[in-house]
Amino acid sequence: ESLAGVSRRQPARHFFPSAALDREVRLTLELGRSPERRANWSLREVMRLDTIVLDVACGQVDGEADDEVVVLVPGAVAVYRWRNDTLMLLARHSLASLPDSREPTRVPSGNLLLADFNDDGRDELFVRSFNKQQGELLSFGGAALRSWRRLAGVPLCLWHRAGRPVMLLGSTEPGSNRLQSRYQLVDINASSGPEGTLAGKPIRLRCYNSATGRDLLAWVDKLGVFHLEEPAAGELWRLEGVGSAFT
């Protein structure tokens, strides 16, 4: 799963970073599962890293049949390929060349978006670590990840407007891992675009394209209120009175 949402409508697997799957974690999961799901639901550890994971996403990075797993960690982004039911490192790209944020966050955070903006059958990587002033647009060239250009904002979504790929770029609060309410809709080849404002400050945000072709933002604010917005028409509705999260 990624903050930007999933690209496959019927995924065979879900990937997410977690604590190490020790006995206590497994017991908690067993007790928390509903009985009707136990027969066809299982959880296993596929990889253990020596660092925290900021974000994870799956996509067609190398253009072959199986999806690759892309992991954003502090200071780097890595692409893993399936080999005999095991994840093997395909490529790794350091973010060391990007300028550090003037006000680094205490807790590392970041955002990773995979999207095929040029219709070549391969997903490009839109990467932003919140401890860096800029992000990067990357693609896999067969042997390594290539940096195309830097991004000023936080990549959240890739939509198409009038046949053109348009990115929704967010911004972070200085020294924080929270998103601000301001965003920009930017043509894929431009550095800036029209600005918009959400009805609050999101702590989790995902992008969707509805069955009727509308571009929607689903997000939760720090008070646990769930919002559904259409940038072109304003907020659609909000769910109050309960703590909200995505499933």
Report yes if the side chains of [X] and [Y] come closer than 4.5 Å at any heavy-atom pair, otherwise no.
X: V53; Y: D55; value: no
X: P155; Y: M167; value: yes
X: V77; Y: R92; value: no
X: Y208; Y: C157; value: no
X: F126; Y: L112; value: no
X: V69; Y: V79; value: no
X: P202; Y: D221; value: no
X: V70; Y: V56; value: no

Step by step, work out the side chain to side chain contact (heavy atoms under 4.5 Å, CB included) result for E124 and N118. CA-CA 9 Å; E124 285 71 40; N118 55 5; 3.4 Å; yes
Do D187 and R161 meet the salt-bridge criterion of a basic N to acidic O distance under 4.0 Å? no
Could you grab the distance from atom [atom1] of [X] to atom [atom2] of [Y], nearest 0.5 Å is fine?
X: L156; Y: L169; atom1: CG; atom2: CG; value: 7.0 Å
X: R146; Y: W148; atom1: CZ; atom2: CH2; value: 3.5 Å
X: W237; Y: H227; atom1: CH2; atom2: NE2; value: 10.5 Å
X: L137; Y: I188; atom1: CG; atom2: CD1; value: 6.0 Å
X: L198; Y: L217; atom1: CG; atom2: CG; value: 6.0 Å
X: Y80; Y: L90; atom1: OH; atom2: CG; value: 10.5 Å

Please name the pair of heavy atoms, one in [X] and one in [Y], separated by the smallest distance, quoted to 0.1 Å.
X: D123; Y: G59; value: OD2-CA, 3.3 Å
X: T172; Y: V154; value: CG2-CG2, 3.7 Å
X: A91; Y: A144; value: CB-CA, 4.4 Å
X: Y183; Y: P231; value: OH-CB, 3.4 Å
X: R150; Y: P99; value: NH1-CD, 3.5 Å
X: S191; Y: V186; value: C-CG1, 4.0 Å

Apply ring pair (Phe, Tyr, Trp, His ring centres under 6.0 Å) to the pair W219 and F226, showing each step before the final yes or no. CA-CA 6 Å; W219 56 278; F226 180 85; 8.8 Å; no
Pick one: which of D120, D66, D116, D67 meets side chain to side chain donor-acceptor pair (under 3.5 Å) with Q60? D67
Please assess S101 against K132 for the test side chain to side chain contact (heavy atoms under 4.5 Å, CB included), listing each intermediate value before the final yes or no. CA-CA 5 Å; S101 174; K132 297 291 184 178; 5.9 Å; no
In terms of hydrophobic clusters joined by side-chain contacts under 4.5 Å, are L89 and L49 together? yes
Hydrophobic cluster membership, with links at side-chain heavy-atom distances under 4.5 Å among I/L/V/M/F/W/Y: are V107 and L54 in one? no
Give a yes-or-no answer on whether the side chains of [X] and [Y] include a donor-acceptor pair shorter than 3.5 Å.
X: E136; Y: S147; value: yes
X: D100; Y: Q133; value: no
X: S171; Y: Q180; value: yes
X: T105; Y: N131; value: yes

Would the distance check show the side chain of E229 and the main-chain N or O of A218 forming a donor-acceptor pair, the cut-off being under 3.5 Å? no
Taking the side chain from R128 and the backbone from A152, do they hold a donor-acceptor pair closer than 3.5 Å? yes
Using the side chain to side chain donor-acceptor pair (under 3.5 Å) rule, collect all pairs that involve residues 192-201, keeping only residues at least two apart or in two chains. E173-K201
Pair L239, V225 - check side chain to side chain contact (heavy atoms under 4.5 Å, CB included), show working. CA-CA 6 Å; L239 179 64; V225 178; 5.9 Å; no
Filter on salt bridge (Lys or Arg N to Asp or Glu O under 4.0 Å), then keep only pairs touching residues 68-83, sequence neighbours left out; what's left? D62-R81
Any chance you could lay out the side chain to side chain contact (heavy atoms under 4.5 Å, CB included) test for F130 and S176, step after step, and finish with the verdict? CA-CA 8 Å; F130 291 178; S176 168; over 6 Å; no
